[in-house]
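Report on the following structure.
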Amino acid sequence: MAAVMLSSGRKLLQTRFPRPPVRSGSARPSGFFAPSEGAMLPAGSFRDRLAFITGGGTGLGRAMTMVLSQLGARCVIASRKLDVLQETAGEISSQTGNQVHALQCDVRDPQAVARCVDQMVALSGLPDVIINNAAGNFICPTERLTPNGWRSVTDIVLNGTAFVTLELGKRLIQAQKGASFLAITTIYAESGSGFVVPSAAAKAGVEALYKSLAAEWGRYGHRFNIIQPGPIRTKGAFSRLDPTGTFEKSMIDRIPTGRLGKPAELANLAAYLSSDFASWMSGAVIRFDGGEYVSMAGEFNELRKVTPDQWKMLEAMIKGTKGS
Ligand SMILES: CC/C=C\C/C=C\C/C=C\C/C=C\C=C\C(=O)SCCNC(=O)CCNC(=O)[C@H](O)C(C)(C)COP(=O)(O)OP(=O)(O)OC[C@H]1O[C@@H](n2cnc3c(N)ncnc32)[C@H](O)[C@@H]1OP(=O)(O)O
Ligand SMILES: NC(=O)C1=CN([C@@H]2O[C@H](COP(=O)(O)OP(=O)(O)OC[C@H]3O[C@@H](n4cnc5c(N)ncnc54)[C@H](OP(=O)(O)O)[C@@H]3O)[C@@H](O)[C@H]2O)C=CC1
C-alpha cells in the first residue's frame, strides 16, 4: 500500500500497488502479476442453477465447469467425445459433490443440438447459464485452405454457437425463463488475423450475433456477453496454433504482464459474468489478455526495448534539432 500525500501533508488515499517481482533484478513483469486460483465468488453463488457448457470436457471449458460446480451449479457439458466428457464430469463432480452430466453433441448439427437439449431437459431442466465455448481452429496460410477446411472451423464456431443459442433461446422464451448467455471468442475477432482466417471470421460473427441478441432478447430476460481471451495454454489450442512451440516466447514477450493466462483466471471471469452479480451486464465484450492486444496495436510500443543510455542519446538528438 502507498499513501498519496497532499501538499498540506494530509494523506489523500491509499493505493494498492502490485507485488514486486519475485526474483530481484528480474526484468520479467510476470512477477508483478501472479495468478490467483480458486473460486472468486461467494460459495453457493450458483446454488439451484443449471449451467450448460459446450466443449466443457477439455481446456477452458473444463476450467469453467469446475468453477461453476465449485460454486454450487449443476452442470451439463456437451461435445463430440463422450469418453472425454464422462471422465471430466466424473472428476469434477467427485471433487465438488455437485452433479455434472456429460452429453454427446456435435454443435454443427442442429438436430443433434435439439436432441442434446431434450436430454438435458429430461435430466435437469432448462439451463440458467449457457456458455458457448466449443471451437475448432488451426493455423494455415489462407491460400492452402480448402472449402472443407473453411467449413470445419466456421461450422463449429459460428453455426454451432448459433444452433445452440437458437435452440435454447427459443425454448427459454417459450418457458418464460431468463438466462445468461456467454460466448468465448478471441482478441483477433476484433482485429482480424492472417493464418487463422476462418476462426477470425467466425468469431467476429459470434460477436455480432451476441451483441445483436443482447439488444433483441433482453425483453425475454436473457443477457448476452462475450469474453475475448488472449493466449492461455491448453492442449487443444497450442497443438493447433503453435505445434512446434516456436512462437510461445515471442508471444509472451509482447504481453505486458509477461505471462500466459491461466484457465482458472478465465473461469472466474466467466463465472462472474454468468452470475447474479452481473445482472446489469449485457452486450459487453471483455478483452482478457494480459494487455497483449494494445501491446501489439501501439505503433511505438517496440520502444520498450530502448535502454536508459539509448534514451539519453535520443533525447539529446531530439532536443538538438532546430526548426522543422
Ligand atoms: C503466433 C501464434 C503463437 C502461438 C499460438 C499459441 C496459442 C494460442 C493463442 C491464441 C489463441 C487464440 C484463439 C484460439 C482459438 C481456438 O479456437 S483454440 C481451440 C482449438 N481447438 C480445437 O480446434 C479443437 C477441435 N478441433 C478439431 O477437431 C480439428 O482441428 C478441426 C480440423 C477443426 C475439425 O476436425 P474434423 O475432424 O471435423 O476435421 P478434419 O476432417 O480433420 O478436417 C476437415 C478439413 O479441414 C482440413 N484441415 C484440418 N486441419 C488442417 C490444417 N492444419 N491445415 C490445413 N487444413 C486442415 C482438412 O484437410 C479437411 O479438409 P479437406 O482435406 O478438404 O477435406
Ligand atoms: N486457449 C487459448 O489460448 C484460447 C482459446 N480461445 C477459445 O476458448 C475456447 C476453448 O478453447 P480451448 O479450451 O483452448 O481448446 P479445446 O480444444 O480444449 O476446446 C475446444 C472444445 O470444443 C469442443 N468441440 C470441438 N468441435 C466440436 C463440435 N463440433 N461440437 C461440440 N463440441 C466441439 C471440443 O470437444 P470435442 O473434441 O469432444 O468435440 C473441445 O472440448 C474456444 O472457444 C477457443 O476459441 C480463445 C482465445 C485463446
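Whatever order the structure lists them in is the order used to number ligands and atoms, beginning at 1.
The two residues Gly160 and Asn132 have their closest heavy-atom pair at O-OD1, 4.4 Å.
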Q) How far apart are the C-alpha atoms of Ile53 and Val76, what are their side-chain angles, what is the distance that settles it, and do they pass the side chain to side chain contact (heavy atoms under 4.5 Å, CB included) test? A) CA-CA 6 Å; Ile53 303 110; Val76 175; over 6 Å; no
Q. Could you walk me through whether Gln228 and Glu207 pass the side chain to side chain donor-acceptor pair (under 3.5 Å) check?
A. CA-CA 10 Å; Gln228 300 174 327; Glu207 293 197 352; 2.9 Å; yes
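Side-chain contact between Glu292 and Arg254 is present, with heavy atoms from C-beta onward closer than 4.5 Å.
The shortest N or O to N or O distance between Thr234 and ligand 2 is under 3.5 Å. Every N/O-N/O distance between Asp242 and ligand 1 stays at or above 3.5 Å.
The proximity of Arg240 to ligand 1, defined as any non-hydrogen pair under 4.0 Å, is limited to the side chain. Proximity of Cys140 to ligand 1, defined as any heavy-atom pair under 4.0 Å, is confined to the side chain (atoms from C-beta onward). Contact annotation: for Thr186 versus ligand 1, heavy atoms closer than 4.0 Å belong to the side chain alone. At a heavy-atom cutoff of 4.0 Å, ligand 1 is contacted by no atom of Arg233, backbone or side chain. Proximity of Gln228 to ligand 1, defined as any heavy-atom pair under 4.0 Å, is not found for any part of the residue.
Close contacts of ligand 2 with Ala134, meaning ligand atoms under 4.0 Å from a residue heavy atom, involve 22 (O), 23 (C), 24 (N), 32 (N), 33 (C). Residue Cys105 approaches ligand 2 through these ligand atoms, each under 4.0 Å from one of its heavy atoms: 30 (N), 31 (C). Within the listing of ligand 1, atoms 25 (C), 27 (C), 28 (O), 35 (O) sit less than 4.0 angstrom from a heavy atom of Arg80. Every atom of ligand 1 is numbered from 1 in the order shown, and the set under 4.0 Å from a heavy atom of Met251 is 3 (C), 4 (C), 5 (C), 6 (C).
Side-chain contact check for Tyr210 and Thr165: at least one donor-acceptor pair (N or O, by modelled atom type) lies under 3.5 Å.
In this structure, the protein non-hydrogen atom closest to atom 16 (P) of ligand 2 is Thr58 OG1, 3.6 Å. In terms of protein heavy-atom proximity, atom 5 (C) of ligand 2 is closest to Leu60 CD1, 3.8 Å. Of the protein's non-hydrogen atoms, the one nearest atom 45 (O) of ligand 2 is Lys203 NZ, 2.7 Å.
The closest non-hydrogen atom to atom 36 (P) of ligand 2, taken over Gly59, Ser79, Ser239, Ala78, comes from Ser79. The closest non-hydrogen atom to atom 33 (C) of ligand 1, taken over Gly136, Ser79, Pro141, comes from Gly136. Of the candidates Gly236, Ala135, Gly56, Gly55, the one placing a heavy atom closest to atom 20 (C) of ligand 2 is Ala135. Comparing heavy-atom distances from atom 14 (C) of ligand 1 across Asn137, Ile232, Asn148 singles out Asn137 as nearest. Considering each of Thr146, Val153, Ile187, the one bringing a non-hydrogen atom nearest atom 64 (O) of ligand 1 is Thr146. With Gly236, Gly55, Pro231 as candidates, the residue nearest to atom 9 (C) of ligand 1 on a non-hydrogen basis is Pro231. Relative to atom 45 (C) of ligand 1, the option among Ser250, Ser239, Gly149, Ser193 with the closest non-hydrogen atom is Gly149.
Within the structure, the closest approach of Thr185 to ligand 2 falls below 4.0 Å when heavy atoms are considered. Using a 4.0 Å cutoff on heavy atoms, Asp106 counts as a contact of ligand 2. Proximity of Ile156 to ligand 2 is established by a heavy-atom distance of less than 4.0 Å.
In the hydrophobic cluster analysis, where Ile, Leu, Val, Met, Phe, Trp and Tyr join through side-chain heavy atoms closer than 4.5 angstrom, Val285 is grouped apart from Ile227.
At a threshold of 4.0 Å, the pair Asp118-Arg171 counts as salt-bridged, since one of the basic side-chain nitrogens sits closer than that to a carboxylate oxygen.
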